[in-house]
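Report on the following structure.
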Amino acid sequence: MLSRRLATARPLTHLLRNPVTYRPQIRYLSQADIEDPNMNGGYINPPAIPRQFRDPYADWWDKQERRNYGEPVHEDNDILGVFSPEEYTHFKPGWGAVCLGIFVATFLGLVTVVGVYYPDMPAVRRGYEGGLDRELGGEGAVLARTEDGVD
């Protein structure tokens with residue numbers, strides 16, 4: 001099967017002779033954005049208000065979804081329902097940047113303080129006269145073996 005496909009595959013020159021034109025598809029977030037009153041059979045589409053912003057303590061017929069009996073459902077109910085991802089309204093992006101800056105400044109300040117007051121080495125490094133040339137097998141070091149391999 002694969003060999004047949006490879007045998008009948010069109011070469012790259014076919015693509016160069018007949019280039020594929022790119023036509024992006026126009027998509028809408030909601031079909032309710034289109035101004036056509038008869039598009040959904042005259043169904044009254046309520047305003048797009050997420051359920052999380054409705055009063056949780058009100059006397060709802062369906063307390064979990066926060067809606068009353070017979071209330072029309074928005075066509076994007078799956079996006080506006082209680083189980084959809086919530087909108088983050090704790091604070092604005094500017095204040096989030098301030099909080100992030102405070103965190104970074106605090107962390108760098110702590111690192112600086114630890115770097116300044118961190119104790120030095122508890123002992124003095126050992127010094128060798130003339131360096132480590134002899135200890136590491138330099139010119140004046142005793143060889144472990146002779147050149148012919150016999151000790």
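These values consider heavy atoms only, across backbone and side chains, with no hydrogens, waters or symmetry-generated copies.
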Any idea which heavy atoms bring [X] and [Y] closest together, and the distance?
X	Y	answer
Pro72	Pro46	O-CG, 3.5 Å
Arg67	Val73	NH2-CG2, 3.1 Å
Ile102	Thr106	O-OG1, 2.7 Å
Ala48	Leu80	CA-CD1, 3.8 Å
Gln64	Phe83	NE2-CZ, 2.6 Å

Note, Phe53 side chain near Thr89 side chain (heavy atom, < 4.5 Å): yes
Close side-chain approach of Glu65 and Trp60, heavy atoms under 4.5 Å: no
Residues, nucleotides or ligands: over 12 heavy atoms within 6.0 Å of Phe91 CZ: yes
Greater than 12 external heavy atoms within 6.0 Å of Asp59's CG: no
Side-chain (Arg66) to main-chain (Arg51) donor-acceptor, under 3.5 angstrom: yes
Trp61 backbone acceptor or donor facing Asn68 side chain under 3.5 Å: yes
Point-to-point distance, once rounded to the nearest 0.5 Å, from NE2 of His74 to CD1 of Ile79: 9.0 Å
Verify same cluster id: Val111, Val114 (apolar side-chain graph, 4.5 Å): no
